[in-house]
Amino acid sequence: MLVTGLLDNPLLGLDDPSLPDAMLAYLYVVGAAADLGDQATEIRARVQDRAPELRGWTVEYVSADEDGRARMWQDGTGLGELVLDQAALACFDVVPVLLQRTLPYLASERARRRTCAAAAVGALARHPAASAQRSELLKQLKSMALAADSSYDLATMVIAIGHLGGDTRPWLTDPHAGVRVCAALAPDLAGNDTAEHVLMELERSPQAFSKSFGDMAPPLQLQSQSLQDLLAGRRAS
């Protein structure tokens, strides 16, 4: 909640206009970590009666040295994994609030801020509580994509559309290689012949994708996971 509070602070970004963009990018990461889907109920059941144990494990972990921390992860209790589950659940529970605080930035005057907000919304709106909003959000994201000023912004928005189950097929034949790949990565296009062809081309020449955005990093949704891992996950699903 600290991040969203700072986002609303009119003083933020006066010296560095990119700071709000970075915070919106961080909210994408939170949304991705909190994308528990149907697992949330099961995780809640696992951790709800073990709060004292998990708190004790965390306190001990923070105070331990590097060797001690390594031993704690291998102690056979599984408490470390439960601590991570607990943290993901905490993110999951706050996502509806984060989404509502993020939505106004879809209409920002700054193109890059709109793009970062779109990425964040693409992750946050996967929360079950946002199911009723998803259709309207997809319309808004599609409108933003059609008006995007750059291929980088368009690619980021196309990924967000795919994350929310929107139709990314119109961009499978985009002139820009990076946009085509981002469209093909949409989960709902697994098995689509055109999408699979685009991804096969990517596997043959992964550098073409990186070079397609010039000196810029890939769209922020792809910065925490290699393309090889993404493709492997796609094949596994």
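- Using a cutoff of 4.0 Å between basic side-chain nitrogens and carboxylate oxygens, Arg44 and Asp93 are scored as salt-bridged.
- Annotation: ring-ring contact (aromatic ring centres under 6.0 Å, His included) contacts of His197 (sequence neighbours excluded): none.
- Tyr28 and Val94 sit in two unconnected hydrophobic clusters of ILVMFWY residues. Membership requires side-chain heavy atoms under 4.5 Å apart, directly or through other members.
- Leu24 and Val29 are members of different hydrophobic clusters when ILVMFWY side chains are connected at heavy-atom separations under 4.5 Å.
- The closest side-chain donor-acceptor pair between Gln86 and Gln48, if any, does not fall under 3.5 angstrom.
- The same ILVMFWY cluster, assembled from side-chain heavy atoms under 4.5 Å apart, contains both Met216 and Leu202.
- The minimum heavy-atom distance linking Ala183 with Val158 is given by the pair CA-CG1, 3.5 Å.
- Judged purely by atom type and a 3.5 angstrom limit, Arg114 has no side-chain atom pairing as donor or acceptor with the backbone of Met144.
- Remark: Arg180 does not engage Asp174 in a salt bridge, criterion side-chain N to carboxylate O under 4.0 Å.
- In the hydrophobic clustering, where aliphatic and aromatic side chains (Ile, Leu, Val, Met, Phe, Trp, Tyr) are joined below 4.5 Å either directly or transitively, Leu82 groups with Leu36, Ile43, Val47, Leu54, Trp57, Tyr61, Met72, Trp73, Leu79, Val83, Leu84, Leu89, Phe92.
- Counting all heavy atoms, side chain and backbone alike, Ala184 lies closest to Ala195 at CB-O, 3.6 Å.
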Candidate pair Asp167 and Leu138, rule side chain to side chain contact (heavy atoms under 4.5 Å, CB included), full reasoning: CA-CA 9 Å; Asp167 184 6; Leu138 280 168; over 6 Å; no
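- The CH2 atom of Trp171 sits 5.5 Å away from the CG atom of Leu146 when rounded to the nearest 0.5 Å.
- Between Asp21 and Arg113, at least one side-chain nitrogen of the basic residue sits less than 4.0 Å from a carboxylate oxygen of the acidic one, meeting the salt-bridge criterion.
- The structure places CG of Asp188 at 11.0 Å from NE2 of His163, a figure rounded to the nearest 0.5 Å.
- Checked for salt-bridge contact, Glu66 and Arg69 miss the test: no charged N lies under 4.0 Å from a carboxylate O.
- Hydrophobic clustering of Ile, Leu, Val, Met, Phe, Trp and Tyr side chains at less than 4.5 Å, counting indirect connections, unites Ile159 with Phe213.
- The shortest non-hydrogen separation linking Phe209 to Pro218 is CE2-CB, 4.2 Å.
- Remark: Leu141 CG to Thr156 OG1 distance equals 11.5 Å, nearest 0.5 Å.
- Annotation: the span from Leu172 atom CG to Leu189 atom CG amounts to 5.5 Å, rounded to 0.5 Å.
- Listed here is the closest heavy atom pair of Leu124 and Gly31: CD2-CA, 3.6 Å.
- Crowding of Asp38 atom CG: a count of heavy atoms from other residues, nucleotides or ligands under 6.0 Å not exceeding 12.
- Between atom CE of residue Met157 and atom CD of residue Gln140 there is a gap of 10.0 Å, rounded to the nearest 0.5 Å.
- At least one side-chain heavy atom of Leu137 sits less than 4.5 Å from a side-chain heavy atom of Leu103.
- Summarising the geometry, atom CD1 belonging to Ile161 is positioned 13.5 Å from atom NZ belonging to Lys139; distances are rounded to the nearest 0.5 Å.
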Would you sort out whether Asn192 and Arg169 count as a side chain to side chain contact (heavy atoms under 4.5 Å, CB included), showing the intermediate values? CA-CA 9 Å; Asn192 176 281; Arg169 287 177 297 175; 4.1 Å; yes
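- Within 6.0 Å of the CD atom in Glu60, the count of heavy atoms belonging to other residues, nucleotides or ligands does not exceed 12.
- Connection of Leu185 to Leu220 is not established within any shared hydrophobic cluster, with ILVMFWY side chains joined at heavy-atom distances below 4.5 Å, either directly or through further cluster members.
- One N or O on the side chain of Ser63 and one on the backbone of Val59 form a donor-acceptor pair closer than 3.5 Å.
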Would you check, one step at a time, whether the test side chain to side chain contact (heavy atoms under 4.5 Å, CB included) holds for Leu98 with Arg101? CA-CA 5 Å; Leu98 298 181; Arg101 300 287 284 273; 5.8 Å; no
Evaluate Cys182 against Thr168 for side chain to side chain contact (heavy atoms under 4.5 Å, CB included), listing each step before the verdict. CA-CA 9 Å; Cys182 291; Thr168 63; over 6 Å; no
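- Residues Ser151 and Val179 come closest through the heavy atom pair O-CG2, 3.6 Å.
- The nearest pair of heavy atoms linking Ala125 to Ala130 is O-CB, 3.5 Å.
- With hydrogens and angles ignored, the 3.5 Å screen pairs a side-chain donor or acceptor of His176 with a backbone N or O of Ser212.
- The neighbour count for Asp193 CG, taken as heavy atoms of other residues, nucleotides or ligands under 6.0 Å away, does not exceed 12.
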